[in-house]
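This structure is a prediction, so every number in the text was calculated from the model and none was measured.
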Amino acid sequence: MADDRAGRTTAPGPAHWVSGLVPDLRRDVLFPIGGSLVSFAVLVGGGLAYVALVGGSSDRLVTAMLIDAIAVIGLQIYIGNTGVLSFGHIGFGAIAGYAFAIAAISPERKARWIPDAPFGLTDVQVSPLVAVVIAVVVALAVAVIVGIGLARSGARSGAVAASVITLALLFVTHEVAANWTDLTGGDRAPLSFAIGETLESRAPILAVLLGSLVAARLFAQSRTGRLAKAAREDNLAARAMGVDPASQQMAALLLSVVVIAIAATLRVYEIGSVTPRVFFFEYTLLTLVMLIVGGRRSIAGALVGVVVITAGRELTRRLATDGYEVAGVGLDGTPADWVFREGLPTVFLGLAMLGFMILRPNGLVDDWELDEWLHRRLTAEARPPETQPAPDAGPSRLLEADAITVDFGGFRALSAAGLRADSGEIVGLIGPNGAGKTTLVNVITGIVFATEGRVSIGSTDLTRTPTHEIARAGLVRTFQNLRLFSSLTVRQNVEVAWFTAERYRPDGLRPTVDQLVAAAGLWEQRHRRAAELDYGNSRRLELARAAAAAPTFLLLDEPTSGMSDQESLAMIEQVRTTASSVGAGVVVIDHDLGFITGISDRIYVLDRGAVIAEGSPDRVQADPAVQAAYLGSAADSIETQQPRGVES
């Protein structure tokens, strides 16, 4: 028997086998599969009902809608989970579409359109299924190269750089398709299949649609997907919990490209031909609008957007058709005739994107998912877990920041500053605003690289180590300005840090997620979004999340900033209890001298980037240099002129 992360006793079995991929077998596998089946049935059933009622060309409309749904799901896997708005995923579709067509079209037809194709491709023909595999492999090869660029730019510089890279991919693939005529035929004529060799059944489309739905939901619920969403919400906070956003983005990219590539091959096969225009700006706009309108952070939103935009485009197409009537009244020759003309569907797409980006940027359903809703309704309410006794802290370890100097241009923020802390003590760090306290913690946690100096924990040198690797080594921090994963729930915030600790710090893993949430006094609010919490509960959540990373040291940057005196006293006990529950030492910054002296075993005092005193609270308060720099009238002046929480 073993205890799972929620504190329940479980027997070894499938849940333990799958736990390396997803946190909970029932919640994260069975319910998503069930929800995907229901969504699939509703979408396909609605489409077939429409065909039965309308007839005519509606059959092709529904087929195109189902293929579009697959493509939009592929977009959602990347955009929805990483937060990077990609304009180039249809470029991957173009690569896959051409690879499929070139591999599957008969040599006779290729001899007519691309007789000089390189690599002997004119004489190659494989079955459609093998051609799909080839298309996916080719698209994935390109995705790996692009993904490296995205990781090196987007993960470090923000989503804008990554979006520009994807946009460049779209234009590059279009220009190659239009101008490499020996391989693609260019714009002069489409690469087309012989009559009767196009897709004649919806069965492959339905199978891929269902598979895409299941894969997308399982990825979102997986550990990788959850870490990707944490980085989407706050890249810096995620790295401070040990998450490497680049690896999560790469995983999302590769899965999304597989789905996009298969959707592209189905589109080419269903149309029966491929030209550069098939996968360019118009289709990019269409699929992005579908995703944005429905809600890019959920698969349910992707499907809703596909249905809404397909219906809207069909309606505007009919309104723009000469001779079309509404309620028996023709529109031709009426004052509104100037609106209902060719190009109206494209105008509709543009207005839909603009309107939703401004008025409802999270789409119609935001991040609502059917299976999550069902899980909440059908699962009995759990009781809070029992509090576990504090663990043995284990062997003592020493955190050292030695002779740290930091220059920002011509300004010296720190001058040979440093501190030492034992894993069994609480060390305070005080000083006037601008003294360099936060800068020192930023250096220790890898957010700022020191000009000179060394940071280590035990025998491990962490100087100039990336933030996520420092967190994995046992140094985990909170922030002066709250940095929670706002759209994730309280429990999901804590779970993110727990996942990284489970993988990289298994020896230090102690309380479960639910125990940490309950100990923070947040059990009744565990399913609420972090953005919905009041300030005090937000601070407690940030502390619980940091503790979930199984740290050797907790570095707390002004945990009582913005709190009343009563709340500050309560936070003293909260910090002690939380640190004890994971056996961690504490380094804490605060302007509240009552808080610092009440919680610290030793105190360091910074002034103008240098350490001017160190010792017990009584010794520090009696130091003349400290009194001159920080206490007495100087402190009163500082506290009245500067609001608490100002970056120092």
Side-chain angles (χ1 to χ4, degrees), residues 64-80 82-100 135 139 142-143 146-147 149-150 154 159-179 184 187 190 212 252-253 256-268 270-271 273-296 301-303 305-306 308-310 312-313 316-317 343-357 361 363:
M65 180 191 74
L66 297 177
I67 295 174
D68 292 342
I70 299 170
V72 174
I73 289 170
L75 284 178
Q76 195 281 332
I77 291 171
Y78 184 70
I79 296 175
T82 69
V84 178
L85 185 60
S86 171
F87 295 98
H89 265 60
I90 299 306
F92 292 116
I95 294 169
Y98 271 102
F100 171 77
V142 176
V146 173
L150 292 173
V160 173
S163 296
V164 171
I165 290 174
T166 62
L167 182 62
L169 172 69
L170 178 66
F171 281 98
V172 167
T173 54
H174 178 266
E175 290 304 308
V176 170
N179 295 292
T184 67
D187 283 322
S212 300
L253 175 67
S256 69
V257 167
V258 170
V259 176
I260 287 284
I262 298 175
T265 62
L266 290 172
R267 190 166 193 247
V268 169
E270 193 272 335
I271 295 173
S273 62
V274 58
T275 66
R277 292 188 58 188
V278 171
F279 297 103
F280 190 46
F281 192 75
E282 183 177 349
Y283 197 54
T284 297
L285 177 63
L286 172 64
T287 52
L288 279 177
V289 171
M290 287 175 169
L291 185 60
I292 290 170
V293 167
R296 58 184 177 271
L303 297 183
V306 168
V308 169
I309 295 302
T310 298
R313 287 185 77 222
T316 53
R317 183 192 67 79
L344 183 60
T346 302
V347 173
F348 164 73
L349 289 179
L351 292 176
M353 173 176 274
L354 182 63
F356 273 85
M357 290 292 284

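Residues Y98 and V274 form a side-chain contact, since some pair of their non-hydrogen atoms from C-beta on lies under 4.5 Å apart. Using a 4.5 Å cut-off on side-chain heavy atoms (C-beta onward), H89 and L253 make contact. Counting heavy atoms from C-beta outward, D187 and T275 have side chains that stay 4.5 Å or more apart. Between T184 and N179, the closest side-chain pair of non-hydrogen atoms is not below 4.5 Å. Side-chain contact between L75 and R296 is absent, with no heavy-atom pair separated by less than 4.5 Å. Residues L167 and V164 are not in side-chain contact: their nearest non-hydrogen atoms beyond the backbone lie 4.5 Å or more apart. Counting heavy atoms from C-beta on, the side chains of F92 and V146 come closer than 4.5 Å. By the 4.5 Å heavy-atom criterion applied to side chains, D68 and Y283 are counted as neighbours.
The distance from the OG1 atom of T346 to the CG atom of L351 is 11.0 Å, given to the nearest 0.5 Å. A distance of 8.0 Å separates CZ of F100 from CG of L266, quoted to the nearest 0.5 Å. The distance from atom CG of L285 to atom CE of M290, rounded to the nearest 0.5 Å, is 10.0 Å. Between atom CD1 of residue I67 and atom CD1 of residue I271 there is a gap of 7.5 Å, rounded to the nearest 0.5 Å. The line from CD1 of I70 to CD1 of I262 is 8.5 Å long, rounded to the nearest 0.5 Å. The CD1 atom of I165 sits 14.0 Å away from the CG atom of L170 when rounded to the nearest 0.5 Å.
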- From CA spacing to verdict: side chain to side chain contact (heavy atoms under 4.5 Å, CB included), T316, V347: CA-CA 9 Å; T316 53; V347 173; over 6 Å; no

- Message: For I73 and V306: C-alpha separation, side-chain torsions, deciding distance, then whether side chain to side chain contact (heavy atoms under 4.5 Å, CB included) applies.
- Response: CA-CA 10 Å; I73 289 170; V306 168; over 6 Å; no

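Of all non-hydrogen atoms in G88 and L169, the two that sit nearest each other are O-CD2, 3.6 Å. The heavy-atom pair separating A162 from L150 by the smallest distance is O-CD2, 3.4 Å. Taking all atoms of both residues into account, the shortest heavy-atom contact from A96 to A135 is O-CB, 3.3 Å. The nearest pair of heavy atoms linking S256 to G74 is CB-O, 3.0 Å. Between V72 and T287, the closest heavy-atom pair is CG2-O, 3.9 Å.
Here the options are F87, F280, F279, F281, the test is ring pair (Phe, Tyr, Trp, His ring centres under 6.0 Å), and the partner is F171; only F280 passes.
For the pair T166 (side chain) and S86 (backbone), a donor-acceptor distance under 3.5 Å is absent. The closest donor-acceptor contact from the side chain of T284 to the backbone of I90 lies at 3.5 Å or more, if one exists at all. R267 contributes no side-chain N or O that, together with a main-chain N or O of A71, makes up a donor-acceptor pair within less than 3.5 Å.
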